[in-house]
Amino acid sequence: MKQFTRQKGNASTTELNLDFGAAKVARVLEPGDYRLRIESARVIQKNQNVLVALDLIEAESGGRIDGRPLWIDGPNAGTGQIAMENQHRIAQLLAIARLPTEGNVGTLIPQLTGLEFDARLVLAIDSRSGRTYNAIAEIYVEDAP
């Protein structure tokens with residue numbers, strides 16, 4: 001059994017130095033075609049669900065894009081099209097990166113970091129929070145082998 005122990009120390013938060021002006025908050029872009037770069041790519045496991053989080057940057061402006069992780073697997077993945085469509089998008093990105101489209105997710109996904117690709121973004125609404133975010137509607141794969 002793990003025990004929680006509170007760290008004790010004399011460090012004051014007033015000694016913390018941050019550059020608040022350097023923070024790049026993700027924003028929602030107008031629907032349209034964009035050149036995107038994957039700043040980081042990672043796999044998230046939440047309960048029995050597997051999601052792929054892509055930190056996307058709009059290549060021209062360098063701005064971060066407000067998106068949501070892509071659900072790719074879980075107990076209900078076969079009941080609808082969402083997981084299948086997201087798997088297809090990931091397969092397209094892997095093909096553009098000239099990586100295998102099957103294998104260990106934890107090994108493949110981080111290799112997408114740095115990949116640039118063209119895509120059409122749309123607006124979507126998170127049904128739980130009501131927040132608007134960008135979703136990838138289409139990935140242009142003319143660069144794929």
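Interatomic distance, OG1 of Thr101 versus CG of Leu93, reported as 12.0 Å (0.5 Å rounding). Here the CD-OH distance, from Glu60 to Tyr34, works out to 9.5 Å after rounding to the nearest 0.5 Å. For the atom pair CD1 of Ile139 and CZ of Arg89, the computed distance is 7.0 Å after rounding to the nearest 0.5 Å. Atom CG of Leu29 sits about 6.0 Å away from atom CD of Glu58, to the nearest 0.5 Å.
Grouped by direct or indirect side-chain proximity (heavy atoms under 4.5 Å, Ile/Leu/Val/Met/Phe/Trp/Tyr only), Ile57 sits alone. Other residues sharing a hydrophobic cluster with Leu51 under the 4.5 Å side-chain heavy-atom criterion for ILVMFWY residues are Ile44, Trp71, Ile82.
The shortest heavy-atom contact between Ala59 and Arg37 is CA-NH1, 4.5 Å. Between Gly74 and Asn49, the shortest heavy-atom contact is CA-OD1, 3.4 Å. Closest of all the heavy-atom pairs between Ala124 and Ala135 is CB-CB, 4.1 Å. Heavy-atom minimum distance, Ala97 versus Leu112: CB-CD2, 4.1 Å. Taking each heavy atom of Ser40 and Thr113 in turn, the nearest pair found is CA-OG1, 3.6 Å.
Both Leu115 and Ile90 are members of a single hydrophobic cluster when ILVMFWY side chains are connected at heavy-atom separations under 4.5 Å. With hydrophobic clusters built from ILVMFWY side chains whose heavy atoms lie under 4.5 angstrom apart, Ile38 shares a cluster with Val43. Linking ILVMFWY residues whenever their side-chain heavy atoms come closer than 4.5 Å, directly or via other members, places Leu56 and Val141 in the same cluster. Grouping the Ile, Leu, Val, Met, Phe, Trp and Tyr side chains by contacts below 4.5 angstrom, directly or via other members, places Ile96 with Val105.
Partners of Leu108 by side chain to side chain contact (heavy atoms under 4.5 Å, CB included), not counting sequence neighbours, listed by chain and number: Leu94, Pro100, Gln111. Evaluation of the side-chain hydrogen bond (donor to acceptor under 3.5 Å, both in side chains) rule for Arg42 yields no partner, not counting sequence neighbours. Not counting sequence neighbours, the partners of Asp73 by the side chain to side chain contact (heavy atoms under 4.5 Å, CB included) test are Val50, Ala77. Listed by chain and number, the residues in a side chain to side chain contact (heavy atoms under 4.5 Å, CB included) with Ser129 are Asp126, Arg131 (sequence neighbours excluded).
A salt bridge links Arg35 with Glu116: the closest approach of a Lys/Arg side-chain nitrogen to an acidic carboxylate oxygen falls below 4.0 angstrom.
You'll find the side chain of Asp66 reaches within 4.5 Å of the side chain of Arg68, heavy atoms only. The closest side-chain heavy-atom distance from Tyr140 to Asp33 is below 4.5 Å.
Shown are Asp55, Leu36, Val28, Leu54; of these, the side-chain contact (heavy atoms from CB on, under 4.5 Å) with Ile65 is made only by Leu36.
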